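Below is one structure; the comments refer to it alone.
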Number of protein chains: 2
Amino acid sequence: MPKRENISMSVIRRLPRYYRFLLQLQKSGVVRISSTELSARLGLTASQIRQDLNCFGGFGQQGYGYMVEQLAEAIGNILGVSNRYRTVLFGAGNLGSAIAAHMNFKDLGFDLIGIFDNAPSKVGSIIRGIAVQDTKNFPAFYAQQKPEMAVLCTPRTAAERIVDHLYQLGIRNYWNFTHYNIAMKYPDTLVENVHLNDSLLTLCYQISNQEGNEH
Amino acid sequence: MPKRENISMSVIRRLPRYYRFLLQLQKSGVVRISSTELSARLGLTASQIRQDLNCFGGFGQQGYGYMVEQLAEAIGNILGVSNRYRTVLFGAGNLGSAIAAHMNFKDLGFDLIGIFDNAPSKVGSIIRGIAVQDTKNFPAFYAQQKPEMAVLCTPRTAAERIVDHLYQLGIRNYWNFTHYNIAMKYPDTLVENVHLNDSLLTLCYQISNQEGNEH
DNA sequence: TAGATTGTTAATCGATTAACAATC
DNA sequence: TAGATTGTTAATCGATTAACAATC
């Protein structure tokens, strides 16, 4: 791998979009694309796209552009999609079940290998071929499977307890749907938060404050 | 309302967090808080918090700090939580059902008043007290209820058709879980995207590229 | 009054955009 | 070679942080 170091989050958050779009182009048979065309289709500037890509190396060819397939593969590698991070999910309620059933973990670098909940009513139900286990079983499961990432879809208070436990076992990577601030308590963790409430509130703000709606 | 104009998205995206945290403080009986204390608890700088709040007005008192209850209420008003934007949701699959059942729309400025899907197997099922209707019924529903926001939880291709339809009817506000780029096609819409795949890929990148993991 | 903490201006830092030389 | 488009440096823009005067 070439350069790579101190890549800003702004850049990293654009990579999945590039990746997604390039795969789409590839599927529709496009072989080559220029930064200008990419920028037009994505609503960004060509400059930004070239700048972003060049954080990781020169994938293009002067006077020609980028090979779609090759660039898609390169970005996939940068993102690490062919990793198989063993993943467990906590909280088999509405949201947790949906995430387990809906997400294509495999294509995104993760293997979902276990689902845990402490409600007896949930334990035993099958989601995407995985039986929900009692959270009590997790220590034994951990010892055997050594998962390295945890998805948190529990209520907030449960999340605090669970993270204490997972952290102590050695899990440092979290996809966090709760409002519990993991990184604040454990600074050496790696947390990606999904705050659905905050997202919806942002929309609420925008609707309330858009032009012609200042009541 | 005082100032307010050209508030940057960076600021707006922090407001829900302030709001959430202040409600929590309020519940635990805290009456007053300084920007310094807030900053420590949230992991931000005091300067940033004061700067953010002063986009909307002076809510504090020199030498004293901010009244928790009053500030929470002010931010709630800025966000518009007491709005009752009539909302419909499209796509009663795993994700859509979970969003419908899990989100507290009421507390966040929205009223979920209808759920639509075009799979006969879904139509008629009840989610959070709302019967899923056939998408075919939407025009009649729209004429009666005039919803003003739509949540999109369908596959991407369905989303394109649905948005064309909703846009033509006059709906301009979207909470979009699909990868269809609404704002690109309809620039006068207001769209809040939730891209779960992108979020997970970002985590994948971070795990793959964290210190001591450069394989 | 003295101490504390805001509101606000100025300085810094980082991210985006523009420009252009290198080169395919 | 001429035309096109990248890679990269420099200029601009915006967001964050620091500093401090105003004031409760």
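Reckoned from all heavy atoms, side chains included, excluding hydrogens, waters and symmetry mates. Values in this document were obtained by computation on a predicted structure and should not be read as measured data.
Checked against salt bridge (Lys or Arg N to Asp or Glu O under 4.0 Å), R14(A) has the following partners two or more places apart in sequence or in another chain: D52(A). Residues forming a side chain to side chain contact (heavy atoms under 4.5 Å, CB included) with E73(B) (at least two apart in sequence, or on another chain): N77(B). In this view, F177(B) and W175(B) satisfy the ring-ring contact (aromatic ring centres under 6.0 Å, His included) rule, not counting sequence neighbours. R172(A) is linked by a salt bridge (Lys or Arg N to Asp or Glu O under 4.0 Å) to D188(A), counting only residues two or more places apart in sequence or in another chain. Remark: R20(A) pairs with D198(B) by the salt bridge (Lys or Arg N to Asp or Glu O under 4.0 Å) rule, at least two apart or across chains. R156(A) is linked by a side-chain hydrogen bond (donor to acceptor under 3.5 Å, both in side chains) to E160(A), Q24(B), counting only residues two or more places apart in sequence or in another chain. With sequence neighbours excluded, the residues satisfying side-chain hydrogen bond (donor to acceptor under 3.5 Å, both in side chains) with T178(B) are N176(B). Judged as a salt bridge (Lys or Arg N to Asp or Glu O under 4.0 Å), and not counting sequence neighbours, the contacts of R84(A) are D111(A).
Here the P atom of nucleotide dA15(C) and the CG atom of N54(A) are 17 Å apart, to the nearest Å. The CD atom of E37(B) sits 9 Å away from the P atom of dT5(C) (whole-angstrom rounding). Distance L38(B) CG to dT5(C) P: 12 Å, rounded to the nearest Å. Following rounding to the nearest Å, N6(A) (CG) and dC13(C) (P) show an atom-to-atom distance of 15 Å. Atom CE of M9(A) and atom C1' of dG14(C) are 15 Å apart (whole Å). Atoms CD (Q61(A)) and P (dC24(C)) sit 8 Å apart, rounded to a whole Å. Distance OH (Y64(B)) to P (dG7(C)): 14 Å, rounded to an integer number of Å. For the pair I49(B) CD1 and dT8(C) P, the interatomic distance rounds to 17 Å; values are reported in whole Å.
Cation-pi geometry between R41(B) and F21(B) is not satisfied (NZ or CZ under 6.0 Å from the ring centre, within 45° of the ring normal).
A heavy atom lying under 4.0 Å from DNA chain D marks none of the residues of residues 10-29 of chain A.
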- request: Report the secondary structure of DNA chain C in dot-bracket form, marking unpaired bases with a dot and bases paired to a different strand with |, and treating Watson-Crick or G-U pairs with both distances under 3.5 Å as paired.
  value: ..||||||||||||||||||||||
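Looking at L15(B), V81(B), D107(B) one by one, the single match for side chain to side chain contact (heavy atoms under 4.5 Å, CB included) with L201(A) turns out to be V81(B).
Side-chain N/O atoms of Y66(B) include none lying less than 4.0 angstrom from OP1 or OP2 on dC24(D). Regarding contacts with the backbone of dT5(D), every side-chain N or O of S35(A) stays at 4.0 angstrom or more from both OP1 and OP2.
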What protein N or O atoms touch nucleotides 17-21 of chain D N or O atoms at under 3.5 angstrom, if any, and at what distances?
residue: dT17(D); atom: OP2; partner: T45(B); partner atom: OG1; Å: 3.1
residue: dT17(D); atom: O4; partner: Q51(B); partner atom: NE2; Å: 2.4
residue: dA18(D); atom: N7; partner: S47(B); partner atom: OG; Å: 2.6
residue: dA18(D); atom: N6; partner: S47(B); partner atom: OG; Å: 3.3
residue: dA19(D); atom: N6; partner: R50(B); partner atom: NH2; Å: 3.2

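Evaluation of the ring pair (Phe, Tyr, Trp, His ring centres under 6.0 Å) test over residues 91-115 of chain B, restricted to residues two or more places apart or in two chains, returns Y85(B)-F110(B).
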